[in-house]
Asks: 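Take a look at this one; I'll ask things after.
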Amino acid sequence: MIGSKKLQRHIEMQMTIDNLTQQIGSTGTLQGWLQQKRASKGLFFLVLRDGTGMVQCVVNQEKVDETSWQCATQATQESSLIITGEVLKDERQIGGVEIQVSSVEVIQYVDDYPITPKSHGIDFLMDHRHLWLRSRRPWAVMRIRNRIIMSIHKFFQERGFLQMDAPLLTKNAVEGTSTLFEIDYFGNPAYLTQSGQLHGEVMAMAFNKIYTFGPVFRAEKSKTRRHLIEFWMIEPEMAFYDLDMNMALAEDFLVRIASDVLSECDEELNLLGRNLDALQKVQSPFPRMTYTEAVELLKSDETRLKVKAKEEELHSEHSELQQERTSNQQNYGRLKEWKKRRVDAREIEINVRIGEIEEELRNLPQWWSSAESFEWGSDFGGSDETLLTWYFESPIIVHRYPEAVKAFYMKRDPEDDRLALGMDILAPEGFGEIIGGGQRADDLTFLEEQVRRHNLPKDAFEWYFDLRRYGTVPHSGFGLGLERTVAWICGIEHIRETIPFPRMLGRLSP
RNA sequence: UCCUCGGUAGCUCAACGGUAGAGCAUGCGGCUGUUAACCGCAGGGUUGUAGGUUCGAAUCCUACCCGGGGAGCCA
């Protein structure tokens with residue numbers, strides 16, 4: 001059955017939606033799926049998606065044969081189609097073109113595609129992630145993710161970095177042991193990696209500048225919009241780099257990602273409704289402050305005022321929405337039927353937004369009280385990071401943290417032994433930490449002492465100590481969380497939308 | 001693990017102690033340029049599960065299951 005259709009078997013004959021603007025005036029064939037259908041007497045408007053984009057195809061009963069007309073009539077959402085027609089310029093359409101159809105063939109008719117054009121709850125969408133990926137929003141997000149991945153490789157390759165892979169199965173626990181996935185390795189325990197960091201250092205000593213790009217796993221029972229169990233991390237590691245060089249590199253890196261996406265993902269950013277000004281402000285130099293300065297800023301009176309201002313803003317939005325709801329209800333009886341439905345739909349929107357505002361209003365006082373009582377020496381929480389980013393429009397770099405909150409392999413600040421030469425980069429608009437890194441300890445005696453202090457198994461780190469025995473040098477590196485970066489660039493609230501198949505607490509399928 | 005909100009038609013929601021209802025989706029009919037099209041008609045329900053209170057429970061109570069948001073931890 002399927003074999004009888006006129007599939008475009010020759011690559012050179014295939015037309016795809018992404019390059020239709022170069023084909024205005026010509027006739028060709030598109031293969032894809034029906035995303036949406038609108039009908040009028042003698043006319044069908046078929047919105048076709050082929051993975052590269054979306055285009056409206058106009059089927060006019062007078063201009064197609066009976067078979068094509070029947071196909072258009074019976075085609076339902078996500079039916080697979082072969083459409084032939086002329087590419088016409090039409091400024092009214094997304095992408096600026098539409099297809100005047102001369103023939104429609106159906107590869108498969110579909111019954112009851114679960115994801116309808118109206119809104120869905122997140123649980124339903126996550127259960128149908130395998131189909132949800134076909135929708136517009138995932139289309140835009142995944143294309144931006146791809147663009148970011150390309151930028152990452154280009155950025156490092158142009159600077160002479162070697163891409164090398166760290167193992168996924170390890171014997172070592174880099175972070176705390178509480179978040180490790182343990183597996184059985186022929187009778188011995190092994191762990192899924194949480195970071196390629198230590199092996200990255202090995203490779204930097206062998207190849208000077210390297211970066212790893214791979215998945216890491218954290219068995220944390222965290223349920224927040226910023227956490228995944230399995231996520232992708234990019235970890236450059238550079239020999240002969242100190243903390244300042246490390247920060248400069250990380251800064252150039254983020255500037256490059258933002259500018260590449262801005263210049264090449266217009267349509268995708270638009271579809272997501274991303275505020276482009278915010279991305280344009282990702283420019284060097286990023287504000288830099290020490291941890292100690294950040295703590296002072298966080299506890300300052302100005303932070304309290306910012307929280308107050310935010311609360312007032314939310315209160316006034318809240319009362320505006322309530323007024324709108326009340327006036328809608330008062331006028332409701334006088335409205336025509338179709339208008340009532342619009343009002344009903346708006347009411348749901350208002351209810352959802354009011355719920356969000358009330359949640360934020362409950363959280364804000366807690367944020368301030370946690371900031372106010374923050375003590376030098378502890379690590380920033382999610383809300384603390386958010387408050388800090390409110391001060392700036394570009395990402396900010398916070399460096400020189402108390403050694404106790406940083407990993408055992410961080411080098412100490414020669415000017416203050418209480419500090420580690422670590423740095424984090426916080427993305428603006430409340431997106432928070434996307435990069436963490438620093439200068440690595442290069443002294444054998446110090447590292448051995450650190451391993452002892454952290455109760456880590458010394459034997460397992462012998463190969464790591466060898467790096468300090470045989471030609472140790474100052475070196476640095478950092479880790480970028482890919483999904484958090486995608487979330488920030490796309491302006492997406494929740495990290496689950498930034499990876500094709502998110503692995504979260506209680507979610508392992510599809 | 002803790003705090004908090006929720007589970008009603010395939011989907012999104014309403015009904016808040018008294019006859020379970022709308023929109024979308026689906027089917028049929030109408031409309032020759034629609035943009036989440038619009039108009040008319042139709043089918044569609046063991047109200048998450050198990051108990052309890054009550055003349056009467058989707059609604060109140062208890063336990064459990066599942067999910068959302070937040071905290072801790074982190075990229």
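Each chain gets a letter, A, B and so on, in the order the sequences are listed, and its residues count up from 1.
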Asks: Would you measure the distance from the P atom in B/C38 across to the matching atom in B/A25 and give it in whole Å?
Replies: 8 Å
Asks: If we ignore angles and hydrogens, is there a donor and acceptor under 3.5 Å between the side chains of A/E201 and A/H475?
Replies: yes
Asks: Name the residue closer to the 5' end of RNA chain B, choosing between A/Q56 and A/T224 according to the nucleotide with the nearest heavy atom.
Replies: A/Q56
Asks: Are OP1 or OP2 of B/A37 and a side-chain N or O of A/Q36 less than 4.0 angstrom apart?
Replies: yes
Asks: Counting the atoms with a prime plus P, OP1 and OP2 as sugar-phosphate, which does A/R225 contact under 4.0 Å by heavy atoms, base, sugar-phosphate, or nothing?
Replies: sugar-phosphate
Asks: So, does the side chain of A/E493 form a donor-acceptor pair with the base of B/G69 at under 3.5 Å?
Replies: no
Asks: Taking everything shown except A/E493 itself, do over 12 heavy atoms lie less than 6.0 Å from its CD?
Replies: no
Asks: Tell me if the centroids of the rings in A/Y291 and A/W376 come within less than 6.0 Å of each other.
Replies: yes
Asks: Check every atom of B/C74, B/G33, B/C11 against the side chain of A/V58 and return the nucleotide holding the closest atom.
Replies: B/G33
Asks: When you get a sec, tell me which of B/C74, B/G67, B/G10 is the closest nucleotide to the side chain of A/R218?
Replies: B/C74
Asks: Touch check for A/I115, heavy atoms < 4.0 angstrom, all strands: base, sugar-phosphate only, or nothing?
Replies: nothing
Asks: Would you classify A/H120 as touching base, sugar-phosphate or nothing, given that sugar-phosphate means primed atoms plus P, OP1 and OP2, and contacts are heavy atoms under 4.0 Å?
Replies: sugar-phosphate
Asks: Against A/D424, only a single residue in A/R400, A/R288, A/K406, A/R484 fulfils salt bridge (Lys or Arg N to Asp or Glu O under 4.0 Å); can you say which?
Replies: A/K406
Asks: Does a side-chain N-to-carboxylate-O contact under 4.0 Å join A/E375 and A/K299?
Replies: no
Asks: Please determine whether a side-chain nitrogen or oxygen atom of A/R38 lies at a distance below 4.0 Å from atom OP1 or OP2 of B/A37.
Replies: yes
Asks: Check RNA chain B against residues 366-378 of chain A and give the residues with a non-hydrogen atom under 4.0 Å, in numerical order.
Replies: none
Asks: Name the nucleic acid region contacted by A/D379, choosing base, sugar-phosphate or nothing; use a 4.0 angstrom heavy-atom cut-off, strictly under.
Replies: sugar-phosphate
Asks: Could you measure between the two C1' atoms, the one in B/U1 and the one in B/A9, and give it in whole Å?
Replies: 37 Å
Asks: Is A/F231 stacked on the base of B/A75, with ring centres under 5.5 Å apart and planes under 30° apart?
Replies: yes
Asks: B/A71 P sits how many Å from A/L387 CG, rounded?
Replies: 11 Å
Asks: Under 4.0 Å from OP1 or OP2 of B/C11: is there any side-chain N or O of A/H128 that close?
Replies: no
Asks: Say we look at B/C60 and B/C28: how far apart would their C1' atoms be, to the nearest angstrom?
Replies: 44 Å
Asks: Are any non-hydrogen side-chain atoms of A/Q194 and A/L180 less than 4.5 angstrom apart?
Replies: yes
Asks: Base, sugar-phosphate, or nothing for A/E235, non-hydrogen atoms under 4.0 angstrom?
Replies: nothing
Asks: How far does the C1' atom of B/G18 sit from the matching atom of B/A57, given to the nearest Å?
Replies: 10 Å
Asks: Between B/G68 and B/U8, how far apart are the two P atoms, rounded to whole Å?
Replies: 15 Å
Asks: Are A/R129 and A/W132 in a cation-pi setup, meaning NZ or CZ lies under 6.0 angstrom from the ring centre and within 45 degrees of the ring axis?
Replies: yes
Asks: In terms of side-chain heavy atoms of A/R92, which of B/C11, B/G27, B/G33 is nearest?
Replies: B/G33
Asks: Tell me, what's RNA chain B's dot-bracket, Watson-Crick or G-U with both distances under 3.5 Å, | for other-strand, [ ] crossing?
Replies: (((((((..((((....[..)))).(((((.......))))).....(((((..]....))))))))))))....
Asks: Tell me the interatomic distance from A/I229, atom CD1, to B/C74, atom C1', rounded to whole angstroms.
Replies: 11 Å
Asks: Looking for any heavy atom pair under 4.0 Å, which part of the strands does A/D90 touch: base, sugar-phosphate only, or nothing?
Replies: base
Asks: Mind checking A/L43 for me? I need base, sugar-phosphate or nothing, with any heavy atom below 4.0 Å counting as a touch.
Replies: base
Asks: B/U47 and B/A63: how far apart are their P atoms, nearest whole angstrom?
Replies: 23 Å
Asks: Flag the pair A/E267 and A/R147 as a salt bridge only when some basic side-chain nitrogen lies within less than 4.0 angstrom of an acidic carboxylate oxygen.
Replies: no
Asks: Any salt bridge between A/R440 and A/E237, counting N to O under 4.0 Å?
Replies: yes
Asks: Which of the following nucleotides, B/G27, B/A75, B/G10, is nearest to the side chain of A/M233?
Replies: B/A75
Asks: If you take atom types as modelled and just measure distance, does the side chain of A/Q93 reach the base of B/U34 with a donor-acceptor pair under 3.5 Å?
Replies: yes
Asks: Respond yes when some side-chain nitrogen or oxygen of A/R496 is under 4.0 Å from OP1 or OP2 of B/G69, and no when none is.
Replies: yes
Asks: With nearest nucleotides of RNA chain B determined for A/Q100 and A/E433 from heavy-atom distances, which residue corresponds to the more 5′ nucleotide?
Replies: A/Q100
Asks: Is A/E268 paired with A/R274 through a side-chain N to carboxylate O contact shorter than 4.0 Å?
Replies: no
Asks: Taking only Lys NZ, Arg NE, NH1 and NH2, and the carboxylate oxygens of Asp or Glu, determine whether A/K63 and A/E86 approach each other closer than 4.0 Å.
Replies: no
Asks: Taking the six-membered ring for Trp, are A/F217 and A/Y191 closer than 6.0 Å centroid to centroid?
Replies: no
